[in-house]
Structure formats: C-alpha cells, structure tokens
Amino acid sequence: MTTAQPLDVQPTPLALLLLGRESDPKSERGVECPGDLPSPSDPDLVARARAAKEKLGDKVFILGHHYQRDEVIEFADVTGDSFKLARDAAAKPEAEYIVFCGVHFMAESADILTSDAQKVVLPDLAAGCSMADMATAEQVAECWDALTEAGIAGSTVPVSYMNSSADIKAFTGKHGGTICTSSNAKKALEWAFEQGEKVLFLPDQHLGRNTAVRDMGMSLDDCVVYNPHKPNGGLTAEQLRGAKMILWRGHCSVHGRFSLDSVNDVRERIPGVNVLVHPECKHEVVAAADYVGSTEYIIKALEAAPAGSKWAIGTELNLVKRLANRFAAEDKEVVFLDKTVCFCSTMNRIDLPHLVWTLESLAEGNLVNQIQVDKETESFAKLALERMLALP
C-alpha cells in the first residue's frame with residue numbers, strides 16, 4: 001500500500017485577490033491592508049473607536065455608505081449613497097482626514113472632489129466593487145476602437161455609472177461623456193442623446209437597460225450588450241451601428257441575485273406587499289416590481305409609506321435590515337426580497353476592527369490606506385463629474 005503524498009497546491013493569482021492577499025493597484029478588490037488589526041472579539045472596540053475619534057476631533061470626517069454594517073454606521077458623521085458622500089466630503093474642507101467607509105471607487109471619487117490638502121482614507125483596501133472591476137481602462141479602449149472601426153465613435157457618447165473606477169470616469173470625461181447615479185441616469189441619458197446618436201453605457205448593463213426602456217420608452221431591441229471578453233464585444237459592426245444603447249456587460253453581484261421568482265414568491269407569502277427594487281436589478285425584476293429607485297429613493301419611499309403597509313425591498317441586506325428595524329415602530333413591515341441572505345461581501349470588509357485601526361493610526365499621526373488619484377486621471381474624471389453636476 002502506497003502512502004498518499006501531500007498535494008502541492010498553489011493558490012492562483014485570482015484566488016489570492018479574492019482572499020484579500022497580494023496587490024493589484026488596478027483592481028477594485030484584493031489588495032493588502034497593512035498593519036495589525038485589533039481582534040473582532042475585543043470588548044473595548046467601541047470605546048477605542050470613540051476615544052480615537054474624539055482625539056482627532058474636527059481633523060476627521062467619517063462617511064458611511066448605506067450598505068455598511070451597523071457597527072460602522074454608528075461612527076459615521078454622515079450617511080448616504082456614494083455620490084452624496086463624496087459631495088459631503090468636498091463640503092467639509094476643514095477636515096484633514098476623510099475616512100470613507102465604503103468601497104474603493106467611492107474613495108477615489110471623494111479624492112477627486114476634495115482639495116489637495118485633504119487625505120482620503122479607506123479602512124480596508126480590499127473593500128472593492130466587482131462591478132467596477134468588470135470594466136478596465138484597457139478593455140474600454142478596445143471597445144472604443146471597435147466603435148471607431150464601425151464608424152460610430154464620433155456619434156457615440158459615453159455615460160458611466162458612478163460605480164466605476166477613476167480610470168473609467170477619466171475615459172468618459174476625455175471622450176465628451178458624463179457620469180450618472182442611479183437617481184439621475186435618465187437625465188444623463190437625455191443629455192447624452194442631445195450630444196450624439198448613441199450611448200456607450202458603463203459598466204452596469206441593467207441600470208442602462210432599465211433606464212432606457214422603462215424610463216425613456218426605448219425597446220429592448222434598441223440595446224445591445226458589449227462583452228469585453230469576446231472579439232469585437234461579441235457584436236457585428238451592423239449590430240453596433242443599429243443600436244442606440246451599447247451596454248457594457250457588467251452587473252452588481254448583489255442586485256443581480258434577485259429574480260422574477262423572488263418577486264412572485266414574496267407576493268404569495270405576503271399578500272398586499274409592495275415590491276421596491278434598485279434599478280441595478282435585472283430588467284424582468286424591475287418590470288415586475290411596483291416601485292424602482294436608488295437607495296435614497298428607497299429610504300424616502302418608506303418614510304412616506306402609510307402605517308400598516310408591507311414592503312419587500314430588493315437591495316443590499318444591511319440597509320434592508322436597518323430599515324426594517326427603523327420602521328417597525330411605525331407598523332411598517334419591511335422584508336428582504338429574496339429568501340437567501342445577500343450582503344455585499346466587499347462592503348462588509350469594512351468592520352469595526354478596521355475602523356478602530358484606521359482611527360487610532362491617524363490619531364497617532366500615521367497616515368494609512370490613503371487613496372490618491374493621479375493628476376491626469378483626476379482632471380478628466382472631474383470633467384465628467386462636473387458635466388453631471390451641471391445636469392438640470
């Protein structure tokens with residue numbers, strides 16, 4: 001009988017990235033977080049966070065995205081969606097440190113919009129965004145080459161979702177386009193179609209499709225999906241020339257999980273329920289929902305809802321749980337749309353140990369995890385953002 005030999009298994013580069021090891025400066029995920037983190041079981045974490053924040057005083061301004069854990073939101077000076085938070089940071093010039101409890105592209109946007117004297121910090125550099133990673137600068141450049149060869153680049157306006165890297169925002173600004181959020185996507189597309197005949201929408205195909213079809217009256221046939229992993233995006237020149245909306249093949253890993261079955265199931269389980277979903281959901285989910293809107297829209301809709309109403313929400317679970325607890329006292333039933341638990345895994349990388357480590361480091365005069373966008377990228381990205389700010 002032979003003795004089994006131990007397997008010599010080496011993790012792949014992708015596996016290391018997903019584990020938060022090694023580094024890839026062009027990726028929205030999987031870069032190291034240096035330093036010794038306090039233990040998650042440390043009973044003094046809350047007290048330590050309070051003490052460090054108090055020591056820093058007005059030098060620090062903490063931003064908390066809606067999808068963050070409650071233990072992190074507790075220490076946020078303001079909460080909101082990605083763009084609101086970036087603007088809040090820019091409106092706080094006296095704060096030397098902007099601690100962004102969100103993901104990498106959000107911190108980049110804050111760095112672009114804040115002054116050079118301010119330093120933007122991300123508590124865990126591995127807090128990225130899989131959607132933003134689905135469009136790289138090299139891939140988008142190849143796409144633009146394909147549009148050029150098809151003879152339509154000159155009549156195509158790029159519109160990039162806020163959930164994109166600084167490189168993609170810079171490409172958008174350089175090519176005459178604008179940025180959009182889930183709240184103003186329709187206005188951004190209306191502006192774009194005043195500038196050209198077609199739109200290249202990056203990187204979330206679902207927000208682009210839902211806005212074009214649901215809000216602007218286009219047909220699904222007006223949309224094609226460009227797949228960066230296929231030659232020419234998997235499209236013929238004729239298909240590119242015939243489309244009004246060229247949608248990038250990207251999606252949100254959280255919102256993409258909701259299905260038509262989720263909607264049908266919750267309607268059976270909770271008679272009279274209102275289904276409210278984020279526009280990053282698939283088109284069939286959005287078409288079956290009662291209401292569709294951004295995170296800010298979702299919050300305001302529940303605030304305005306009558307007592308006794310029932311709501312199934314299709315967005316990230318941390319926010320849904322927080323809303324359920326908040327509105328229970330007003331006799332509003334709020335449930336998660338899907339029966340499967342679905343947190344945003346990269347958002348959840350920002351936890352109390354990372355926040356404590358960040359604040360204590362800053363309080364000791366050690367700048368950690370600074371997010372900096374190079375000047376050329378910043379200038380073109382800011383141009384695209386300013387075009388969005390100028391939208392009516």
Side-chain angles (χ1 to χ4, degrees), residues 20 25 28-29 31-38 40 42 44-129 132 162-163 165-166 295 316 318-319 322 344 346-373 378:
E28 280 282 327
R29 63 167 186 262
V31 288
E32 292 182 2
C33 181
D36 296 325
L37 297 178
D42 185 341
D44 298 324
L45 281 177
V46 171
R48 287 172 63 177
R50 287 174 179 163
K53 187 178 181 184
E54 184 175 349
K55 183 177 179 180
L56 286 162
D58 291 339
K59 291 176 67 176
V60 70
F61 190 51
I62 302 177
L63 310 175
H65 191 272
H66 286 310
Y67 296 165
Q68 289 290 301
R69 306 163 182 254
D70 286 345
E71 66 189 44
V72 171
I73 289 293
E74 178 183 348
F75 293 97
D77 293 304
V78 293
T79 59
D81 61 15
S82 57
F83 185 62
K84 174 183 180 295
L85 292 177
R87 293 188 73 179
D88 286 343
K92 198 79 171 177
E94 67 275 18
E96 181 179 352
Y97 304 116
I98 304 296
V99 176
F100 209 126
C101 297
V103 294
H104 195 271
F105 78 79
M106 299 178 186
E108 283 186 330
S109 297
D111 184 58
I112 290 166
L113 292 174
T114 52
S115 72
D116 291 341
Q118 294 175 289
K119 299 171 180 64
V120 177
V121 173
L122 186 65
D124 184 353
L125 292 178
C129 173
M162 193 72 181
N163 299 28
S165 69
T295 51
E316 205 273 343
N318 272 315
L319 175 60
R322 195 172 299 124
C344 176
T346 47
M347 278 277 190
N348 269 265
R349 293 193 70 98
I350 308 293
D351 55 13
L352 196 49
H354 280 88
L355 181 59
V356 168
W357 170 74
T358 300
L359 295 177
E360 289 183 340
S361 297
L362 295 177
E364 292 167 3
N366 300 321
L367 178 60
V368 295
N369 289 11
Q370 182 180 6
I371 302 299
Q372 288 181 291
V373 178
E378 179 182 298

_Can you tell me if Glu74 has over 12 outside heavy atoms packed within less than 6.0 Å of its CD?_
yes
*Quick one: does Gln118's side chain have a donor or acceptor within less than 3.5 Å of a partner on Lys92's backbone?*
yes
*Backbone N/O of Leu113 and side chain of Arg87: donor-acceptor pair under 3.5 Å*: no
*Of all the heavy-atom pairs spanning His354 and Arg349, show the shortest one and how long it is.*
ND1-O, 3.5 Å
*asked:* Ignoring hydrogens, what is the shortest heavy-atom contact between Ala107 and Val120? Give both atom names and the distance.
replied: O-CG1, 3.6 Å
*What heavy-atom pair brings Cys101 and Leu355 nearest, and what distance separates the two atoms?*
SG-CD1, 4.1 Å
*Hey, does the side chain of Asp81 reach the backbone of Lys84 with a donor-acceptor pair shorter than 3.5 angstrom?*
yes
_Separation of Asn369 CG from His104 NE2 (nearest 0.5 Å)_ = 9.5 Å
*Is the CZ atom of Arg48 crowded by more than 12 outside heavy atoms at less than 6.0 Å?*
yes
_Closest approach of Ser361 to Val368 (non-hydrogen atoms, all atoms of both residues)_ = CB-CG1, 3.8 Å
*N/O donor-acceptor pair under 3.5 Å between Asp77 side chain and Ile62 backbone*: yes
*Test item: Phe100 and Ile350 side chains (from C-beta on) under 4.5 Å apart, heavy atoms*: no
*asked:* Determine whether Leu367 and Leu362 satisfy the following criterion, side-chain contact (heavy atoms from CB on, under 4.5 Å), listing intermediate values before the conclusion.
replied: CA-CA 6 Å; Leu367 178 60; Leu362 295 177; 4.0 Å; yes
*Stepwise, does the side-chain contact (heavy atoms from CB on, under 4.5 Å) test hold for Thr358 with Tyr97?*
CA-CA 11 Å; Thr358 300; Tyr97 304 116; over 6 Å; no
*When rounded to the nearest 0.5 angstrom, what distance separates CD1 in Ile371 from CD1 in Ile98?*
13.5 Å
*Kindly say whether Leu352 contributes a backbone atom to a donor-acceptor pair with the side chain of Arg69 at under 3.5 angstrom?*
no
*4.5 Å side-chain heavy-atom contact, Pro353 and Leu45*: yes
*Residue pair Gly102 / Ala127: nearest heavy atoms and the distance that separates them*: O-CB, 3.7 Å
*So how far is it from Leu359 CG to Lys53 NZ, rounded to the nearest 0.5 Å?*
8.0 Å
*Please round to the nearest 0.5 Å and tell me the distance separating atom CG of Asp111 and atom CD of Gln372.*
6.5 Å
_Can you tell me how far apart CH2 (Trp357) and CG (Asp351) are? Round to the nearest 0.5 Å._
11.5 Å
*If you round to the nearest 0.5 Å, how far is NZ of Lys119 from NZ of Lys59?*
9.0 Å
*CG/Asn366: more than 12 non-hydrogen atoms of other groups inside 6.0 Å*: yes
*Shortest non-hydrogen contact from Glu316 to Asn318?*
OE1-N, 2.7 Å
